[in-house]
Amino acid sequence: MKKTFKHRDTSNDQPSVSELWRAWSIRSVVLSKQECVDRGLHRKTDVYEWLYTLGIQPDAYIVRKASRYSTGYIEIRLQSDSDMAFIKMAGL
């Protein structure tokens with residue numbers, strides 16, 4: 001029996017994390033080491049829990065270590081302006 005290969009339909013593919021990281025760069029928050037310590041954010045899990053307590057859903061942000069060229073420690077990029085408002089209300 002001859003095997004046929006199906007090509008993947010790319011029209012409905014979700015953007016990659018890298019693509020979202022670039023697209024969300026206008027809604028970026030960089031936390032310093034001291035801000036992380038002040039908020040008890042020692043692990044990525046702590047950051048996730050903190051964002052959740054602010055009302056930000058897990059699929060609405062990306063967390064990475066900040067660039068070595070920045071003065072920050074952790075960078076958070078957010079999907080929407082309303083999520084950015086939650087961060088600002090938290091005092092950042």
Side-chain angles (χ1 to χ4, degrees):
M1 183 176 250
K2 187 176 180 183
K3 211 176 202 183
T4 54
F5 293 97
K6 292 184 180 180
H7 291 285
R8 194 168 62 132
D9 179 16
T10 58
S11 62
N12 291 328
D13 282 348
Q14 296 295 319
S16 70
V17 174
S18 295
E19 291 169 331
L20 292 175
W21 183 256
R22 285 189 296 276
W24 297 353
S25 65
I26 58 172
R27 290 177 300 279
S28 174
V29 176
V30 179
L31 301 175
S32 69
K33 180 99 172 161
Q34 189 59 50
E35 288 172 320
C36 290
V37 169
D38 292 347
R39 288 173 174 74
L41 309 176
H42 305 289
R43 302 168 297 150
K44 261 190 176 178
T45 318
D46 298 332
V47 176
Y48 301 152
E49 289 175 12
W50 175 67
L51 290 169
Y52 187 76
T53 62
L54 296 179
I56 301 172
Q57 297 302 309
D59 61 346
Y61 60 83
I62 302 169
V63 177
R64 291 187 178 170
K65 285 184 87 172
S67 166
R68 63 181 174 169
Y69 302 110
S70 86
T71 57
Y73 184 65
I74 291 176
E75 184 171 1
I76 304 167
R77 294 200 180 172
L78 301 155
Q79 180 180 27
S80 70
D81 291 331
S82 60
D83 292 329
M84 191 68 163
F86 285 118
I87 293 286
K88 289 180 180 178
M89 287 188 299
L92 292 176

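Since the structure is predicted, the reported quantities are computational estimates derived from the model, not experimental observations. Keep in mind that the numbers below use all heavy atoms, side chains included, and drop hydrogens, waters and symmetry copies.
- By the 4.5 Å heavy-atom criterion applied to side chains, R64 and V17 are counted as neighbours.
- Rounding to the nearest 0.5 angstrom, the gap separating the CZ atom in R22 from the CD1 atom in I62 is 10.0 Å.
- Atom CG of L31 and atom CH2 of W50 lie 5.5 Å apart (nearest 0.5 Å).
- A side-chain donor-acceptor contact under 3.5 Å links R27 to the backbone of Q79.
- Between atom CD of residue E49 and atom NZ of residue K44 there is a gap of 14.5 Å, rounded to the nearest 0.5 Å.
- The side-chain heavy atoms of Y52 and Q57, taken from C-beta on, include a pair separated by under 4.5 Å.
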Can you give the donor-acceptor pairs under 3.5 Å from side chains of residues 80-92 to other protein atoms, not counting sequence neighbours?
unit_1: S80; atom_1: OG; unit_2: S82; atom_2: OG; d: 3.0
unit_1: S80; atom_1: OG; unit_2: D83; atom_2: N; d: 3.2
unit_1: S80; atom_1: OG; unit_2: D83; atom_2: OD2; d: 3.1

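- Hydrophobic side-chain contacts under 4.5 Å tie V37 to no other Ile, Leu, Val, Met, Phe, Trp or Tyr residue.
- Rounding to the nearest 0.5 Å gives a distance of 11.0 Å between OH of Y73 and OG of S32.
- A salt bridge is defined here as a Lys NZ or Arg NE, NH1 or NH2 lying under 4.0 Å from an Asp or Glu carboxylate O, and R77 with E75 meets this definition.
- Note that CH2 of W24 is 10.5 Å distant from OH of Y61, once rounded to the nearest 0.5 Å.
- Atom CG in L78 sits 12.0 Å away from atom OG in S25 (nearest 0.5 Å).
- Using a 4.5 Å cut-off between side-chain heavy atoms of Ile, Leu, Val, Met, Phe, Trp and Tyr, with links allowed through other members, W21 and I76 fall into different hydrophobic clusters.
- Placement of L54 and I74 within a single hydrophobic cluster is found when ILVMFWY residues are connected by side-chain heavy-atom separations under 4.5 Å, directly or transitively.
- Side-chain atoms of L51 and V63, non-hydrogen and from C-beta on, do get closer than 4.5 Å to each other.
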